[in-house]
Amino acid sequence: AITLSSALTAYLRLGFVMEASDLFDGMTENERDGVSWTAMISGYVQNGLYGQALKLFVKMLGSSVRPDSFTLSSVVSACAGLACVEIGKAIHAQAMAIGFQSDLLVSSALLNMYAKCGEVGDSWVLFELMRVRNVVSWNAMITGFAQNGRDMDAIVLYEKMLQSHIKPDDITFVGVLSACGHERLLDEGLRYFHSISELHGMAPSPDHYACIINLLGHFGKLEQAMELIMSMPNKPN
RNA sequence: UGGGAUGAGGCAC
């Protein structure tokens, strides 16, 4: 079963979804354990086949294998991909009923799902209710605000994140810099951009550069934008 | 190393 799951995952990582689903369909009931069900479901999600993921989840519910937090977070992610808050809410209720009310993975996925569905207020309620938060939960909330035009809330939350001594990562800065971009906050954007290396000891990613180049462009500072592109340590994409 | 949750800008539509 482990060998089959490994092959399944390999196919899905390479984007060979058909090959993976053929393999999965050919597996016996015994070979299909929780890991292979979840690998197949999350593989569909990662390849953008959200409806397929949900269909397979329903099939899983009819099997003898129970979903765990890995499975549920992937299924919630499928709802986010579909921006379908109705199914998302149903799965939310189900997850609460079977004991995942304070699960970090499921909560982060739900928070993201509500934000993607435009219900960022619900995301915030969930975020505040979470007993344990990690960088993913903070990122999901920050980018959720930014994606819903609540850019100042995103920036304020980032500052709270620092005060909470949670170490930001690449994704955090994408959220913060894009919020600055929406609000045309050039000075703040530059400040956060420089803080990536100077305060946090990280190398800015091409995405971080893109955010700042975009901001400079909106201010007509094309020479400065060009200079920044030329100064990029990696090849600009 | 058998499976997970969070990602920007732009162009076109």
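Reminder, nothing fancy here: chain letters follow the sequence lines and each chain counts from 1.
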Trainee: Indicate, yes or no, whether a donor-acceptor pair under 3.5 Å links the base of G7(B) to the side chain of Asp207(A).
Mentor: yes
Trainee: Between A8(B) atom C1' and His182(A) atom NE2, what is the distance in whole Å?
Mentor: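 In whole Å, A8(B) C1' and His182(A) NE2 are 8 Å from each other.
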Trainee: Which nucleotide wins on minimum distance to the side chain of Ser205(A), given the candidates G7(B), G2(B), A8(B)?
Mentor: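 So the side chain of Ser205(A) is nearest to G7(B).
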Trainee: Separation of Trp138(A) atom CH2 from G7(B) atom P, in whole Å?
Mentor: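 So the CH2-P distance, Trp138(A) to G7(B), works out to 17 Å.
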Trainee: Can you check whether any acceptor in the base of A5(B) is under 3.5 Å from a donor in the side chain of Asn134(A), or vice versa?
Mentor: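 Such a pair is found, so the answer is yes.
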Trainee: Please pick, from G3(B), G9(B), A5(B), the nucleotide with the shortest atom-to-atom distance to any side-chain atom of Thr38(A).
Mentor: G3(B)
Trainee: How about Phe173(A) and Phe193(A): are their ring centres within less than 6.0 Å of each other?
Mentor: no
Trainee: Picking from G2(B), A5(B), A8(B), which would you name as closest to the side chain of Val174(A)?
Mentor: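 The answer is A8(B).
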Trainee: Donor-acceptor pair, distance only, cut-off 3.5 Å: does the side chain of His208(A) make one with the backbone of Asp170(A)?
Mentor: yes
Trainee: Which listed nucleotide (G7(B), A5(B), G3(B)) is nearest to the side chain of Leu104(A)?
Mentor: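 The closest nucleotide is A5(B).
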Trainee: Using a cut-off of less than 4.0 Å, is there contact between a side-chain N or O of Asn112(A) and OP1 or OP2 of G7(B)?
Mentor: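 So the side-chain polar atoms of Asn112(A) do come within 4.0 Å of the phosphate oxygens OP1 or OP2 of G7(B), strictly under.
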Trainee: Is the backbone of Gly181(A) close enough, under 3.5 Å, to the side chain of Asn214(A) for a donor and an acceptor to pair up by distance?
Mentor: no
Trainee: When you measure from the side chain of Thr9(A), which nucleotide among G10(B), G7(B), G2(B) comes out closest?
Mentor: G2(B)
Trainee: What nucleotide among G10(B), A8(B), G7(B) has an atom nearest to a side-chain atom of Ser178(A)?
Mentor: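 Among G10(B), A8(B), G7(B), the one nearest the side chain of Ser178(A) is A8(B).
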Trainee: Classify the side chain of Asn139(A) and the base of G7(B) as holding, or not holding, a donor-acceptor pair under 3.5 Å.
Mentor: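 By the distance-only test, no, there is no pair.
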Trainee: Can you tell me which nucleotide in G2(B), G7(B), A5(B) comes closest to the side chain of Ile2(A)?
Mentor: G2(B)
Trainee: Within the structure provided, determine whether Thr71(A) and Arg66(A) are in side-chain contact (heavy-atom separation under 4.5 Å).
Mentor: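 No; the side chains remain at least 4.5 Å from each other.
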Trainee: A8(B), G3(B), G2(B): which one has an atom nearest the side-chain heavy atoms of Gln147(A)?
Mentor: A8(B)
Trainee: Is there a continuous path of hydrophobic side-chain contacts, each under 4.5 Å between heavy atoms, that joins Met113(A) to Leu129(A)?
Mentor: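 In one cluster: no.
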Trainee: G7(B), U6(B), G3(B): which one has an atom nearest the side-chain heavy atoms of Phe70(A)?
Mentor: G3(B)
Trainee: Any idea which of G10(B), A8(B), U6(B) is nearest the Asn214(A) side chain?
Mentor: G10(B)
Trainee: I'd like to know if Asp33(A) reaches the base of G2(B) with its side chain, counting only an N/O donor and acceptor under 3.5 Å.
Mentor: yes
